[in-house]
Asker: 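Please find one structure pasted underneath; my questions will follow.
Below, read A as the first sequence line, B as the second, and so on, with proteins coming before strands; counting in each chain starts at 1.
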Amino acid sequence: MFLSLRAEVEGALEGALSTLDFPTDDLGIEEPPEDVASVLASSVAFRLAGEAGTPPPAVADEIAAEIDADELTYVSAVRTQGPYLNFLPSDAYRAETLEAATADSYGALPDREESVVVEHTSANPTGPVHVGRARNPIIGDAVANLLEYAGYDVDRHYYVNDAGRQMAVFTWAYETFDEDDLEEPPERDRIEYDLVRYYRKGNAYLENAPEAEVEAAEAEIDAIMQGLEAGDEETYERVSEVVDQVLGGMTECLERLPAEFDEFVKETRFMRDGSTDDVVSRLKDLDEAVYEDEAWQLDLTDHGIEKNLVFLRSDDTSLYPTRDLAHHEWKFDNYDRAVTVLGEDHKLQASQLRTALELLGNDADQLRQVLYSYVNLPEGKMSTRRGTGVDLDDLLDEAIDRARDEVETRLDDRIRDDELDETDVERIAHQVGIGAVRYDIVAKQPTKAITFEWDRALDFEAQSAPYVQYVHARCCGILEAAGIDPDDDLAGQGLDGDVDVDLLDSAAERDLLETIGRFPAVVDEAADDLEPHQIATYTREFADRFNAFYRECPVLGDDVDPAVRDARLALVAASKHTVANALSILGVAAPRSM
RNA sequence: GGGCACGUAGCUCAGUCCGGAUUAGAGCGUCGGACUUCUAAUCCGACGGUCGUGGGUUCAAAUCCCAUCGUGCCCGCCA
């Protein structure tokens, strides 16, 4: 409804301006501050004042007089306040908002018939997922959810780097060393914790072993690289044995978030199907191609990139960026748009990829790259190879443990008599613990650096998931008390918004309804910007509004008029859908009770 | 050294892309209040800010431009 209202306001304003012979290129439409009764406003009078030769407030009056609110559906009146034009919502706007929000899919935008592939995480299958990388699946999953809500047909991909030197080293180490050679037992009983020890052992060996032995090892590693490049089936099988096992373990870890994928796309796929070779030969034909130091490179200085992009080594093997070009052309063939979530340390590579794609004749506008900065420890970077860092599994375990403690202490000193059993406590501990971790990460602008600290990451107060989750639980509590099953379709249980919105006339009710009304527009804009943190900001504002309503407007009290009760119940249903769907975009669970 | 990002209350952050409502918003922390009433993981109040710094553009700058300082990331025939 908000989107329709905005369209209507734009139309009316544009009409009035052209009647008055004012330019219509900038309508100055904005959202007014909280204490103003309108839903939309315009500051256009400021800019027109010079041209009109009258002060801004007079121009505003002139424009307002030109708009006939009776002809508008969603606007009841246009009022000026100094230089500002305020558009007040009509009952029709409020009624339609309420009705729309009683659908459990509220906030989901119409199908755009456009496909988009969201690639995220894509961590090298070298070992356990650590917290330094955890921002990627959390942001990536939220971006994918957001685009789905915004009406795109979304596929989620994990690009598996199974052809790089790292995997050749890993494969060699896995085949060379035995359990006896390894010093530490696995930190956790899962396959990637077991196998990463070979990877670490191999890297340590390459750093410390006598020169002759290192050379012999390097020869074996090179042989693996060459085998992959040649598409040799046996080599591929050997590497796959390591890759598939480690990736399997990492996938289990990511499922805890939960972050799930439609497809794991292996790098070797683009070597085996010949598309990397094809890319190489097309790159060689470019004007930017140079052959320097026995390697083929792209000189991108004319495109604002100082560093050459090497796409073929002197030993004729391809590099990660070369294969990634083939990978992206494959994405462009299969999807309308592509979004990649990657760490800011890949920024240079990202711009090289984009430029090279253009040079190869692709439309790089199809690709958008979301960059986030890494999560570091107070003492420095996390590294799988060196074994420094906090494992995501440990963070999630700790989060759940702390949440469980929290539930139990609250259980002791709470006044209401709940019937929370063991299963509920465990469910809440998971929802709150994991929700808090996700929310903490997804609510911040990705470009901001984060230093990981346990207490900060696991703070359940602050502006955190539980605060918003609690609102959802409160909605469910009211619905349940009214004899409605919150887990079932609410509209089907009589809450279809067919009530008298006039009865929702307190400031708290109007504010809440208007906030609910903005949700689809927030989804729309956040999706355009690929910024899920906008949804998190919205959930907080929504929760504030709901709590004000909760405080001031009893729904089920004995002295509440039945018609008011019905209207407020519909508002609660609308609130429930809004907060549940917003949380679902963020990938945070919406607890029925807590 | 060069490129890019970030710098808003003691702390963690919205707002910056797209400049506007004479008092720049939250939360945490501190202090003081509210549970016989639909869940107090909530709410209300107080205290707290030269929006890194200096210039500029504009009727209007946290927001745009220039400079400068601080922090992070990148500058591999690694990924």
Asker: Classify A/Cys475 by what it touches in the nucleic acid, base, sugar-phosphate, or nothing, heavy-atom distance under 4.0 Å.
Answerer: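 The answer is nothing, as A/Cys475 stays clear of every strand by at least 4.0 Å.
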
Asker: Classify every nucleotide of nucleotides 61-66 of chain B by which part a protein heavy atom approaches to under 4.0 Å, writing B for the base, S for the sugar-phosphate alone and - for neither, in 5'-to-3' order.
Answerer: ------

Asker: Looking at B/rA41, I'd like to know if its phosphate oxygens (OP1 or OP2) sit under 4.0 Å from a side-chain N or O belonging to A/Arg474.
Answerer: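 Checking A/Arg474 against B/rA41: no side-chain N or O falls below 4.0 Å of OP1 or OP2.
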
Asker: Measuring from the side chain of A/Glu525 (C-beta onward, heavy atoms only), which nucleotide among B/rA21, B/rC18, B/rA79 has the closest atom?
Answerer: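 When the side chain of A/Glu525 is considered, B/rC18 is the closest of B/rA21, B/rC18, B/rA79.
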
Asker: Looking only at side-chain atoms of A/Pro33, point me to the closest of B/rU12, B/rC18, B/rA21.
Answerer: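 Side chain of A/Pro33 sits closest to B/rA21.
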
Asker: Using a heavy-atom cut-off of under 4.0 Å over every strand shown, decide if A/Asn86 touches base, sugar-phosphate, or nothing.
Answerer: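 Base, at least one base heavy atom under 4.0 Å.
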
Asker: Below 4.0 angstrom from OP1 or OP2 of B/rG76, is there any side-chain N or O of A/Tyr320?
Answerer: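 For B/rG76, neither OP1 nor OP2 has a side-chain N or O of A/Tyr320 closer than 4.0 Å.
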
Asker: Given B/rG7, is OP1 or OP2 found less than 4.0 Å from the side-chain N or O atoms of A/Lys448?
Answerer: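 Checking B/rG7 against A/Lys448, a side-chain N or O does come within under 4.0 Å of OP1 or OP2.
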
Asker: Would you mind classifying the nucleic acid contact of A/Pro32 as base, sugar-phosphate or nothing, using non-hydrogen atoms under 4.0 angstrom?
Answerer: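 Since a base atom lies under 4.0 Å of A/Pro32, the category is base.
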
Asker: What does A/Val432 touch in the nucleic acid at a heavy-atom separation under 4.0 angstrom: a base, only the sugar-phosphate, or nothing?
Answerer: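 Result for A/Val432 = base.
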
Asker: Taking any strand in view, what nucleotide pairs with B/rC75 in a Watson-Crick or G-U wobble way, both distances under 3.5 Å?
Answerer: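 By the stated definition (distances under 3.5 Å), B/rG1 pairs with B/rC75.
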
Asker: Where the side chain of A/Gln445 is defined as all heavy atoms beyond and including C-beta, which of B/rG15, B/rA79, B/rC38 is the nearest nucleotide?
Answerer: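 Selected nucleotide (nearest to the side chain): B/rG15.
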
Asker: Charged N to carboxylate O under 4.0 angstrom, A/Arg565 versus A/Asp559?
Answerer: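 Looking at A/Arg565 and A/Asp559, the cut-off is not met.
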
Asker: Verify the contact: side-chain N or O of A/Lys381 to OP1 or OP2 of B/rC74, cut-off strictly under 4.0 Å; return yes or no.
Answerer: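 Affirmative; the distance criterion is met.
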
Asker: Measure up the A/Trp296 and A/Phe311 rings against each other and bin them: parallel (under 30°), tilted (30 to 60°), perpendicular (over 60°).
Answerer: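 Plane angle between 30° and 60°, so tilted.
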
Asker: Base, sugar-phosphate, or nothing for A/Ile29, non-hydrogen atoms under 4.0 angstrom?
Answerer: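 No contact.
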
Asker: Select base, sugar-phosphate, or nothing to describe what A/Gly164 touches, counting heavy atoms under 4.0 Å on all strands.
Answerer: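 It contacts sugar-phosphate atoms only.
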
Asker: Assign A/Val555 to base, sugar-phosphate, or nothing according to its heavy-atom contacts below 4.0 angstrom with the strands shown.
Answerer: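 It contacts base atoms.
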
Asker: Tell me every residue that passes ring-ring contact (aromatic ring centres under 6.0 Å, His included) with A/Phe542, counting only those two or more places apart in sequence or in another chain.
Answerer: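 Expected list: none.
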
Asker: Syn if the chi torsion is within 90° of 0, anti otherwise; quick check, which is B/rC51?
Answerer: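 Judged by the O4'-C1' to base torsion, B/rC51 sits in anti, the angle falling more than 90° away from 0.
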
Asker: Would you please test A/Leu504 and A/Arg568 for side chain to side chain contact (heavy atoms under 4.5 Å, CB included) and show each step?
Answerer: CA-CA 7 Å; A/Leu504 303 172; A/Arg568 288 182 178 168; 3.9 Å; yes

Asker: To the side chain of A/Arg47, which of B/rA41, B/rC59, B/rC17 is closest?
Answerer: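 The closest nucleotide is B/rC59.
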
Asker: On the 0 to 90° scale, with breaks at 30° and 60°, tag the A/Phe270-A/Tyr159 ring pair as parallel, tilted or perpendicular.
Answerer: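 If you compare the ring of A/Phe270 with that of A/Tyr159, the planes turn out tilted.
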
Asker: Where the side chain of A/Tyr467 is concerned, which of B/rC43, B/rA14, B/rA21 is the nearest nucleotide?
Answerer: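 The nucleotide sitting nearest to the side chain is B/rC43.
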
Asker: Classify A/Tyr550 by what it touches in the nucleic acid, base, sugar-phosphate, or nothing, heavy-atom distance under 4.0 Å.
Answerer: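 Base, at least one base heavy atom under 4.0 Å.
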
Asker: From the options B/rA21, B/rC78, B/rA41, select the nucleotide whose nearest atom is closest to the side chain of A/Ala41.
Answerer: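 Nucleotide nearest to A/Ala41's side chain: B/rA21.
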
Asker: Counting any heavy atom closer than 4.0 Å, what does A/Ser373 reach on the DNA or RNA strands: base, sugar-phosphate only, or nothing?
Answerer: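 The residue A/Ser373 makes no contact with any strand.
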
Asker: Strictly below 4.0 Å, N to O, side chains only: are A/Glu509 and A/Arg545 in salt-bridge contact?
Answerer: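 Salt bridge: no.
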
Asker: Quick one: label A/Ser351 by what it contacts on the DNA or RNA (base, sugar-phosphate, nothing), any heavy atom closer than 4.0 Å.
Answerer: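 A/Ser351: no heavy atom of the nucleic acid under 4.0 Å.
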
Asker: Check every atom of B/rG72, B/rA21, B/rC43 against the side chain of A/Asp544 and return the nucleotide holding the closest atom.
Answerer: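 Closest of the options to the side chain of A/Asp544: B/rC43.
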
Asker: Output yes when A/Arg404 and A/Asp401 qualify as a salt bridge under the 4.0 Å nitrogen-oxygen rule, no when they do not.
Answerer: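 Answer for the salt bridge query: yes.
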
Asker: How would you label the contact of A/Arg592 with the nucleic acid (heavy atoms, under 4.0 Å): base, sugar-phosphate, or nothing?
Answerer: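 Base, at least one base heavy atom under 4.0 Å.
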
Asker: OP1 or OP2 of B/rA26 sitting under 4.0 Å from any side-chain N/O of A/Arg545?
Answerer: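 No, outside the criterion.
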
Asker: What is the minimum heavy-atom distance between A/Ala543 and A/Val471, and which atoms define it?
Answerer: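 For A/Ala543 and A/Val471, the tightest heavy-atom pair comes out as CB-CG2, 3.6 Å.
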
Asker: Whether A/Asn161 contacts B/rA79 is assessed here as follows: a side-chain N or O lying under 4.0 Å from the phosphate OP1 or OP2. Is that the case?
Answerer: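 For B/rA79, OP1/OP2 do not have a side-chain N/O of A/Asn161 under 4.0 Å.
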
Asker: More 5' along RNA chain B: A/Phe549 or A/Asp345, using each one's nearest nucleotide?
Answerer: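 Nearer the 5' end of the strand: A/Phe549.
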
Asker: Would you indicate which nucleotide in B/rA14, B/rC44, B/rG72 comes nearest to any side-chain atom of A/Glu344?
Answerer: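 Selected nucleotide (nearest to the side chain): B/rG72.
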
Asker: Would you indicate, yes or no, if B/rA41 has its OP1 or OP2 atom less than 4.0 angstrom from a side-chain nitrogen or oxygen of A/Arg410?
Answerer: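 Checking A/Arg410 against B/rA41: at least one side-chain N or O falls below 4.0 Å of OP1 or OP2.
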
Asker: Please tell me which of the listed nucleotides, B/rA79, B/rG27, B/rC75, lies nearest to the side chain of A/Gln463?
Answerer: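 Nearest to the side-chain atoms of A/Gln463, counting from C-beta on, is B/rG27.
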
Asker: Report yes if at least one side-chain N or O of A/His533 is closer than 4.0 Å to OP1 or OP2 of B/rG15; otherwise report no.
Answerer: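 Checking A/His533 against B/rG15: at least one side-chain N or O falls below 4.0 Å of OP1 or OP2.
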
Asker: Can you figure out which of B/rU42, B/rA21, B/rA79 approaches the side chain of A/Gln81 most closely?
Answerer: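 It is B/rA21.
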
